[in-house]
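Some notes on the structure that comes next.
Sequence lines set the chain letters: A, B, ... in the order given, protein chains first and strands last, and positions in each chain run from 1.
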Number of protein chains: 2
Amino acid sequence: MVDGTLPEQIATRLRRDILRGKLPPGAPVKERDHAAELGVSRTPMREAIRMLAKEGLVQLRPARSPIVAKPSFEDVAHNIEVMAALEVLSARLACQRASDAEIDEIAEVAGRMERDYDKLDRLDLFELDMSFHRAIARAAGNPVLDETHGALLARLWRARYLSASRKRSRDRVLRQHADIVTALRARDAVAAQTSVQAHLDHLLVNVVDVFDAEEAEPAPAEK
Amino acid sequence: MVDGTLPEQIATRLRRDILRGKLPPGAPVKERDHAAELGVSRTPMREAIRMLAKEGLVQLRPARSPIVAKPSFEDVAHNIEVMAALEVLSARLACQRASDAEIDEIAEVAGRMERDYDKLDRLDLFELDMSFHRAIARAAGNPVLDETHGALLARLWRARYLSASRKRSRDRVLRQHADIVTALRARDAVAAQTSVQAHLDHLLVNVVDVFDAEEAEPAPAEK
DNA sequence: CAAGGAATTTTGGTATACCAAATCTTCTTC
DNA sequence: GAAGAAGATTTGGTATACCAAAATTCCTTG
């Protein structure tokens, strides 16, 4: 990820700071200060902030400092609801249109995740899980679907990052991934849609747990 | 629509020029020229162009002038495919969650459209049809769904604007709208989803016609 | 006359300076 | 001492000036 465009570099940097908790929810994102801190001018910083706003990581307010978004449980639930619809559609279309190679690729991601589950840290696992879902969306052969799904998934980064740490869901997640791959291989659209929906339903349950845990211990901020 | 923020005003202006054909597909959108023409500086023009890019109306290219997008038939079909999934979800959720007042509002739009169909020009009809679909998405009670749907619908402006001129589909469109309203009133999720899906399927057919017609007569550009 | 290259021009990217609105602070007054 | 108003300051919005890369044009040369 050695990308060239400056605003994207800034956005990547800010995104990391937000996800890792260096910029906690509610913190103001003043373009002057952050621009100075990174040694860039306000113009690209401005554009970077807009990008993060589009991803839902920061919240723009009229005539006010943008602040780091603090997604409520309802926000996350709403996101997952839409994500589920898109992934169910992806699964159905993938059964019709995906090449065998694309399905192999999905299976490969699932396989690597299963093989290395205990070797990898939770950030790596998180990335793997993301790419599994991205691969399904891509296999649907609909660029608009792929792009929309990507935008939505980006919004869920923080919530999914937290919920990925729930290692106890390991067996269920791996089994559900395997179910999805099996259904895709069989080109069984009904089974694929059902499996994907079930997987996302469980993600919602996990997120409920995370929010409950956060409520118990309010500030996990890992500097 | 007397909105305040300058970039949005510019975006609205540019969007109209693009949709009305003053800026034909493929035309470059040079920020210097257009900024000078509107008497504003490049900074807000820049932001306006990014907005239109997000809507898919213009296409950003690295180190090159952005150009007015010329969506292929495949692009539009892919958009409609995703839209259909979102509207089907909207219909299902609306059956569960919408208030009676929200359904009344949807019915009101459909009713006005039916009542005034012959009095209104096609641009007004187009706006009415858009608001019908927006109202359904809003009635689902999921802001993320509403927002995503809005973004996608914005991308379809041009295609839908053209297809709205197909007056011969009048009866079918009105009947389908009525079907949807009936299903929502009955809180019949299955019927609502089926009606919405059918409606969108026919939209796709209309778009096919429009593209065929365009292929016959390539440049409708109304200066 | 054609082909290649260099210079100029065009264009987006970035930095900076200025402005207006909103906020916060402080001083005055009751 | 508290409340309100006025001024100072902070902050995002906008305009403009500068820069680097890319495209185009024109000149030179074979």
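Leu6(B) places its CG atom 18 Å from the P atom of dG12(D), with the value rounded to the nearest Å. Rounded to whole Å, the distance from CZ on Arg32(B) to P on dA23(D) is 16 Å. Here dG13(D) presents its C1' atom at 13 Å from CD of Gln9(B), a figure rounded to the nearest Å. One can place CD1 of Ile67(A) at 15 Å from C1' of dT11(D), the figure rounded to the nearest angstrom. Here the P atom of nucleotide dG13(C) and the CD atom of Glu31(B) are 6 Å apart, to the nearest Å. When rounded to the nearest whole Å, the span between NZ of Lys30(A) and P of dT23(C) equals 13 Å.
Under the side chain to side chain contact (heavy atoms under 4.5 Å, CB included) criterion, Ala91(A) pairs with Ala192(A), Val196(A), sequence neighbours left out.
Only Arg50(A), listed by number, bring a heavy atom of residues 49-59 of chain A to less than 4.0 angstrom from any atom of DNA chain D. Across residues 37-48 of chain A, Val40(A), Ser41(A), Arg42(A), Thr43(A), Pro44(A) each have a non-hydrogen atom less than 4.0 Å from an atom of DNA chain C (numbered order).
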Exercise. Step by step, would you call Glu81(B) with Leu145(A) a side chain to side chain contact (heavy atoms under 4.5 Å, CB included)?
Worked result: CA-CA 8 Å; Glu81(B) 205 163 59; Leu145(A) 176 55; 5.8 Å; no
For this session: Decide side chain to side chain donor-acceptor pair (under 3.5 Å) for His149(A) and His133(A); before the verdict, give the C-alpha distance in whole Å, the side-chain angles of both, and the deciding distance to 0.1 Å.
Result: CA-CA 9 Å; His149(A) 176 263; His133(A) 289 261; 5.1 Å; no
Exercise answer: donor-acceptor pairs, residues 25-34 of chain B side-chain atoms, under 3.5 Å, sequence neighbours excluded:
residue	atom	partner	partner atom	Å
Glu31(B)	OE1	Arg46(B)	NH1	3.4
Glu31(B)	OE2	Arg42(B)	NE	3.1
Glu31(B)	OE2	Arg42(B)	NH2	2.9

For residues 48-59 of chain B, tabulate all N or O donor-acceptor pairs below 3.5 Å that involve a side-chain atom, not counting sequence neighbours.
residue	atom	partner	partner atom	Å
Arg50(B)	NH1	Glu47(A)	OE2	2.5
Glu55(B)	OE1	Arg15(B)	NH1	2.6
Glu55(B)	OE2	Arg15(B)	NH1	2.5

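Note on ring orientation: taking the six-membered ring where Trp is involved, the planes of His177(A) and Phe132(A) are parallel (angle under 30°, cut-offs 30° and 60°).
For the pair Glu147(B) and Arg155(A), the salt-bridge criterion is met [side-chain N within less than 4.0 Å of a carboxylate O].
A donor-acceptor pair is defined here as one N or O able to donate and one able to accept, closer than 3.5 Å; no such pair exists between the side chain of Arg13(B) and the backbone of Glu8(B).
In terms of phosphate contacts, Arg64(A) brings a side-chain nitrogen or oxygen within less than 4.0 Å of OP1 or OP2 of dT23(C). Not one side-chain nitrogen or oxygen of Ser65(B) sits closer than 4.0 Å to the OP1 or OP2 atom of dT10(C).
Residue-environment remark: CZ (Arg97(A)) exceeds the threshold of 12 foreign heavy atoms within 6.0 Å.
Among the atoms of the strands shown, only primed sugar atoms or phosphate atoms (P, OP1, OP2) are found under 4.0 Å from some heavy atom of Pro66(A).
For the helix from dC1(C)-dG30(D) to dC30(C)-dG1(D), the terminal axes (five pairs an end, C1' atoms, rotation from four pairs onto the next four) enclose an angle of 10°, given to 10 degrees.
Between Leu184(B) and Ala94(B), the closest heavy-atom pair is CD2-CB, 4.0 Å.
The shortest distance between side-chain heavy atoms of Leu93(B) and Leu89(B) falls below 4.5 Å.
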